[in-house]
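Lettering of chains follows the sequences in order, A, B, ..., and the numbering in each one begins at 1.
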Protein chains: 2
Amino acid sequence: MSGLTKRQQEILDYMKMAHRETGIMPSTREIQHYFGFASQTAAVGHLRALERKGMIVRLPGKARASVFPEELERAEIIDIPIYGNIAAGMAQDSEQQKDGCLSIDITSLGIPHTARTFALKVRGDSMVNAHVCDGDTVIMEFRDPKRGDIVAALIDGETTLKTYVLKDGKPYLQAENDDYPDLIPARELIIQGVMVALLRAAA
Amino acid sequence: MSGLTKRQQEILDYMKMAHRETGIMPSTREIQHYFGFASQTAAVGHLRALERKGMIVRLPGKARASVFPEELERAEIIDIPIYGNIAAGMAQDSEQQKDGCLSIDITSLGIPHTARTFALKVRGDSMVNAHVCDGDTVIMEFRDPKRGDIVAALIDGETTLKTYVLKDGKPYLQAENDDYPDLIPARELIIQGVMVALLRAAA
DNA sequence: TAACATATTGTTCTTCCGAACACATATTAA
DNA sequence: TTAATATGTGTTCGGAAGAACAATATGTTA
């Protein structure tokens, strides 16, 4: 269906696998030995066929220089650490240890290349009216909040996700759910990040 | 701050840039010439320093075999084509041409490796009660819908995003906004995909 | 000032690796 | 039948590329 023969598909699969495992492309001789070819030329022939069919791009004369076209077209990818959960409702502190990673291209997030970001898993439903749900992953950026931003804030010793509001020049935190009260800081209000994107995976 | 000297940071930046441009890592001699070193050994020394500081991993004896550790740890990344807009409200047909691409690791989406996916930009607010908003990007999978799934459907010649509901064994489409009516198919109901994830970028 | 890490140069050696050529054998389409 | 196309084998060549060794400078720190 894809225009590749069975053998060519096998070679391509091996290259993808090897590239994922090692981070580098196999050389023609590595392909030869993996498939048990008696001659390196066999591998070269398949690479040429794969190039002709657009499955790889080869940079002539250079070593291990096969490239998958989709990787060239791809926008730059950033790896955003996920720092556990954040309460959007109940009292609970956000954990500090890294809990996995989220990799996504920067153009889809619409953030600058330089942005310092992290991610949190939302627990609770105090932000549902802002369409942030329990289980969503919110992507936060380190920066100063503007009014109306959704922020991760440390308020009087607790970390929560709320809307940042100014009243008479004083900031407070607003829940987006009528069942939850607004939070006016008694002492200090530390903004840990501003929400720049949201990812929801199907349950 | 990161423990790298200025020169080492420059080398690392060049390697990242070259890797993004060409898809392959520069060789030690390419690094040498780019920086105008008189000797290739200079580049080798810097690579060794970068390896010692954990910025790259080198596979000994192999050509162009420096790897960025984050790329090794990263889960597999899929490229999801974005097929323009889909109405969630107004009558409007979804365009067919590819309109950019979304690259994200599969574990964050929670979908199987084999899933056939595409993405659509949501227009309209008929799904706000399901917390799908105007401007969101929804990631769809080609598969048969279950009741309650949010689906992209072609109903009587129009494509929309709605909840898939069964009533007396017959499927119809339900808007998640009281201002919009349910859609009962007059003739045919073709499901184009089931929503598996959602991405919202800050405006 | 001595010790040490970092940065740099010059040279040589070996291996890695792509490329090319000649030839063989199926399978498939015109 | 003829002509591609796909899949191989065996061999040779040369450039690409990593590695090692011997020096020299330049800071920075103790």
Side-chain angles (χ1 to χ4, degrees), chain A residues 1-19 21-69 71-72, chain B residues 1-19 21-69 71-72:
Chain A
M1 47 137 282
S2 58
L4 293 188
T5 66
K6 191 176 162 190
R7 203 46 150 176
Q8 287 165 2
Q9 187 63 54
E10 283 175 8
I11 305 264
L12 186 63
D13 288 344
Y14 167 65
M15 291 173 74
K16 291 223 156 118
M17 191 265 282
H19 182 251
E21 294 281 315
T22 66
I24 60 172
M25 276 293 179
S27 67
T28 54
R29 279 173 181 85
E30 282 169 358
I31 296 174
Q32 171 197 355
H33 293 132
Y34 181 84
F35 286 94
F37 296 152
S39 169
Q40 168 239 6
T41 312
V44 172
H46 286 122
L47 286 191
R48 262 198 266 269
L50 286 173
E51 181 172 41
R52 183 160 37 82
K53 296 183 180 180
M55 307 310 291
I56 60 173
V57 175
R58 298 204 312 150
L59 311 185
K62 301 193 168 156
R64 298 176 183 275
S66 300
V67 184
F68 301 120
E71 296 201 351
L72 283 179
Chain B
M1 52 133 281
S2 58
L4 294 189
T5 66
K6 192 177 161 190
R7 204 46 150 176
Q8 288 164 1
Q9 187 63 53
E10 283 174 9
I11 305 259
L12 187 62
D13 288 344
Y14 167 65
M15 291 174 74
K16 290 221 158 121
M17 191 265 282
H19 182 251
E21 293 284 314
T22 66
I24 60 172
M25 277 292 182
S27 66
T28 54
R29 279 173 181 84
E30 282 168 359
I31 296 174
Q32 171 196 354
H33 293 132
Y34 181 84
F35 287 94
F37 296 154
S39 167
Q40 168 242 3
T41 312
V44 173
H46 288 122
L47 287 192
R48 262 197 268 270
L50 286 173
E51 181 172 40
R52 183 161 36 82
K53 296 182 181 180
M55 307 310 292
I56 60 172
V57 175
R58 299 205 309 151
L59 312 184
K62 299 190 171 158
R64 298 176 183 278
S66 299
V67 184
F68 301 120
E71 296 201 352
L72 283 178

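Within the structure, every side-chain polar atom (N or O) of His46(B) is placed at least 4.0 Å from both OP1 and OP2 of dT6(C). In this structure, Lys53(A) reaches the dA6(D) phosphate: one of its side-chain N or O atoms is under 4.0 Å from OP1 or OP2. In this model, the phosphate group of dA19(D) is not approached by any side-chain N or O of Arg48(B) to a distance below 4.0 Å at OP1 or OP2. Within the 4.0 Å cut-off from OP1 or OP2 of dT9(C), not a single side-chain nitrogen or oxygen of Ser39(B) is found. Within the structure, a side-chain polar atom (N or O) of Arg64(A) is placed less than 4.0 Å from OP1 or OP2 of dC17(C). The phosphate of dG18(D) has neither OP1 nor OP2 within less than 4.0 Å of any side-chain N or O from Arg58(B). Look at Gln8(A) and you'll find a side-chain N or O under 4.0 angstrom from OP1 or OP2 of dT7(D).
Closest to the Ser27(B) side chain, of the nucleotides dT6(C), dG18(D), dG8(D), is dG18(D).
Across all strands, Ala42(B) comes closer than 4.0 Å to base atoms (heavy-atom distances). Counting non-hydrogen atoms under 4.0 angstrom, Gln40(A) reaches a base of the nucleic acid. Contacts of Gly45(B) with the nucleic acid, taken as non-hydrogen atoms under 4.0 Å apart, are absent. As judged by a 4.0 angstrom heavy-atom cut-off over every strand, Ala38(A) is placed among residues touching the sugar-phosphate backbone only.
Remark: P of dC16(C) and NE2 of His33(A) are 10 Å apart, rounded to the nearest angstrom. Atom CG of Leu12(A) is separated from atom P of dT7(D) by 13 Å (rounded to the nearest Å). Summarising the geometry, the separation between CD1 on Ile31(B) and C1' on dA7(C) is reported as 15 Å, rounded to the nearest angstrom. When rounded to the nearest whole Å, the span between CD of Glu51(B) and P of dG18(D) equals 13 Å. What separates CG of Leu4(A) from C1' of dT7(D) is a distance of 15 Å, to the nearest Å. Going from atom CZ of Arg7(A) over to atom C1' of dA26(C) covers 14 Å, rounded to whole Å. Whole-Å rounding puts the Gln32(A) CD to dT11(D) P distance at 12 Å. Rounded to an integer number of Å, the gap from Lys6(A) NZ to dT5(D) C1' is 18 Å.
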(request) Using the salt bridge (charged side-chain N to carboxylate O under 4.0 Å, His left out) rule, take Arg7(A) and Glu10(A) through it: C-alpha gap first, then chi angles, then the decisive distance, then the call. (result) CA-CA 5 Å; Arg7(A) 203 46 150 176; Glu10(A) 283 175 8; 2.7 Å; yes
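In this structure a side-chain-to-backbone donor-acceptor pair under 3.5 Å is present from Glu30(B) to Ser27(B). Under a 3.5 Å cut-off, the side chain of Glu71(B) and the backbone N or O of Phe68(B) do not form any donor-acceptor pair.
With hydrogens and angles left out, the side chain of Thr41(B) and the base of dT8(C) share no donor-acceptor pair within 3.5 Å. At a cut-off of 3.5 angstrom, the base of dA17(D) holds at least one donor-acceptor pair with the side chain of Arg29(B).
A distance of 13.5 Å separates NZ in Lys16(A) from CD1 in Ile11(A), rounded to the nearest 0.5 Å.
The nearest heavy atom of DNA chain C to Ala63(B) and to Arg52(B) marks one nucleotide each, and the one closer to the 5' end goes with Arg52(B).
Between Phe37(A) and His46(A), a ring centre-to-centre spacing shorter than 6.0 Å is recorded.
Minimum interatomic distance between Gly54(B) and Pro69(B) (heavy atoms only, all atoms of both residues): O-CG, 3.5 Å.
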